[in-house]
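Heavy-atom basis, side chains included; hydrogens, waters and symmetry copies ignored. Just so you know, these numbers come straight off a predicted model, no measurement behind them. Each chain gets a letter, A, B and so on, in the order its sequence line appears, and its residues count up from 1.
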Amino acid sequence: MPELPEVETSLRGIEPHLRGRWILRLVVRQRQLRWPIPSTVDAAVAGRQIIALRRRAKYLLLELEHGTLMLHLGMSGSLRVLAADCPPGAHDHVDLVLTDGSCLRLRDPRRFGSLHWVPPPIQAHPLLCNLGPEPLSDAFDGNYLYRRARDRRGAVKGFIMDSHIVVGVGNIYANESLFLAGIHPHRPAGRIARARYIRLAEHIKQVLDAAIRKGGTSLRDFVREDGNPGYFAQQLRVYGRGGEPCPNCGKALRQQRIGQRSSFYCSDCQR
DNA sequence: CCGGACGCCTGTCGGC
DNA sequence: TGCCGACAGGCGTCCG
């Protein structure tokens, strides 16, 4: 599930419940996630205060005084803030129990999520140190994309989904932004004009921002910290709409796999 | 370095 | 109704 807007929604939802609070203990029911959770994490966080919460790419960062708890939601992860005595379900793998009687609970049916304890400096962590810019930052724009696309022959869709190029753009928002920019997802990244990349970068920013304002996209698993879904699914123009009419021209939308992922596009409006 | 394929894991859905 | 394969929002790793 979670692309940048869903992770950002989770961050904004949990932040008021966690910032400044003290951790009683970490309860891990399932250690086998994307990477096994080392048991050393439990002792590292117990009794510590949560100073601040941040997001980098699709990672949620809970900053303590002496290091960072780094959390990824994978494909099916979601976070809720609940009373610590609320009975856990089958896929509720981790509770971060606070001293006020509440807990942050990670649910992740597919177990592609992860939890790391990272001593400072956080940016030196191997999973973070080679990432591209944040799409909503000033460091990301059409000129940057154009420059990075030189000599790249792979499809533009894979290019904008590559976290070394830009972070946070997953399959849903890649499809949506390419449609909005009128670019065919299969076009080689190196064969797109600068002006079209400027348009694409603007649409990536706009669609991510719009999705954040709607609380993200809920297709299956994703819920916000209070258990409610996000409402951006209703605004999706092409994702999941193979065979339906193009919102621009009415021609049936195509569905095709590009790089192992389903792609949706209009073969007339996207070139 | 680049690009494509694979695998991690569970749940759901469509077809037979 | 049951079984089986395909597919699902991510991403590190391996291989050519």
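- In this structure, A:L4 atom CG and C:dC11 atom P are separated by 10 Å, rounded to whole Å.
- For the pair A:L219 CG and C:dG10 C1', the interatomic distance rounds to 14 Å; values are reported in whole Å.
- Look at A:R261 and you won't find any side-chain N or O under 4.0 angstrom from OP1 or OP2 of C:dA8.
- The residue among A:R148 and A:Q32 whose nearest nucleotide of DNA chain B lies closer to the 5′ end is A:R148.
- Each of A:L62, A:V27, A:L115, A:V28 was scored for a side-chain contact (heavy atoms from CB on, under 4.5 Å) with A:L96, with one residue passing: A:L62.
- Ion pairing between a basic and an acidic side chain is recognised when a charged N comes within 4.0 Å of a carboxylate O; A:D42 and A:R31 show such pairing.
- C:dC3 and B:dC9 have their P atoms separated by 23 Å, with the value rounded to a whole Å.
- To the nearest 0.5 angstrom, A:L60 atom CG is 12.0 Å from A:T68 atom OG1.
- Taking the centre and axis of the six-membered ring of A:Y197, the NZ or CZ atom of A:R199 falls outside the cone set by 45° and 6.0 Å.
- Remark: A:R152 is in phosphate contact with B:dG3, judged by side-chain N or O atoms under 4.0 Å from OP1 or OP2.
- In this entry the distance linking CD1 of A:I258 with P of C:dG9 reads 13 Å, nearest Å.
- A salt bridge is defined here as a Lys NZ or Arg NE, NH1 or NH2 lying under 4.0 Å from an Asp or Glu carboxylate O, and A:R152 with A:D162 meets this definition.
- Connection of A:F140 to A:L208 is established within a shared hydrophobic cluster, with ILVMFWY side chains joined at heavy-atom distances below 4.5 Å, either directly or through further cluster members.
- In the hydrophobic cluster analysis, where Ile, Leu, Val, Met, Phe, Trp and Tyr join through side-chain heavy atoms closer than 4.5 angstrom, A:L64 is grouped apart from A:V118.
- Computed from coordinates, the A:E3 CD to C:dG9 P distance equals 8 Å when rounded to whole Å.
- Distance, A:K157 NZ to B:dG3 C1': 15 Å, rounded to whole Å.
- Among the nucleotides B:dG3, B:dC6, C:dC7, the one closest to any side-chain atom of A:R153 is B:dG3.
- Under 4.0 angstrom from either OP1 or OP2 of C:dG9 there lies no side-chain N or O belonging to A:Y173.
- Distance CG/A:L61 to CZ/A:R55: 9.5 Å, rounded to 0.5 Å.
- Computed from coordinates, the A:R257 CZ to B:dA5 P distance equals 11 Å when rounded to whole Å.
- A stem is defined here as three or more consecutive Watson-Crick or G-U pairs, each with both distances under 3.5 Å; for DNA chain C these stems are B:2-8 with C:10-16, B:10-16 with C:2-8.
- The C1' atoms of B:dG3 and C:dG9 are separated by 22 Å, rounded to the nearest whole Å.
- Between A:R220 and C:dA8 there is no side-chain N or O to OP1 or OP2 distance below 4.0 Å.
- For the P atoms, the distance from B:dC6 to C:dA6 is 13 Å, rounded to whole Å.
- Both stacking criteria are satisfied for A:F112 over the base of C:dG10: a centre-to-centre distance under 5.5 angstrom and an angle between ring planes under 30 degrees.
- With 3.5 Å as the limit, one finds no donor-acceptor pair spanning the side chains of A:N143 and A:D141.
- For C:dG10, neither phosphate oxygen OP1 nor OP2 lies less than 4.0 angstrom from any side-chain nitrogen or oxygen of A:S163.
- Of the side-chain N and O atoms in A:H72, one or more sit less than 4.0 angstrom from OP1 or OP2 of C:dC11.
- In this structure, A:L127 reaches the sugar-phosphate backbone alone: every heavy-atom distance under 4.0 Å involves primed, P, OP1 or OP2 atoms, never a base.
- Nearer to the 5' terminus of DNA chain B, by closest-nucleotide assignment, is the contact made by A:R34 (compared with the other of A:P109 and A:R34).
- Distances shorter than 4.0 Å separate none of the side-chain N or O atoms of A:H164 from OP1 or OP2 on C:dC11.
- Distance, A:Q235 CD to C:dG9 P: 20 Å, rounded to whole Å.
- In this structure, A:M161 atom CE and C:dC11 atom C1' are separated by 10 Å, rounded to whole Å.
- Among the protein residues, A:G170 comes within range of the sugar-phosphate backbone only, with heavy atoms under 4.0 Å from sugar or phosphate atoms but none that close to a base.
- Heavy atoms of A:F232 sit nowhere under 4.0 angstrom from any nucleic acid atom.
- For B:dC9, its base sits under 3.5 Å from the side chain of A:R110 at one donor and acceptor pair at least.
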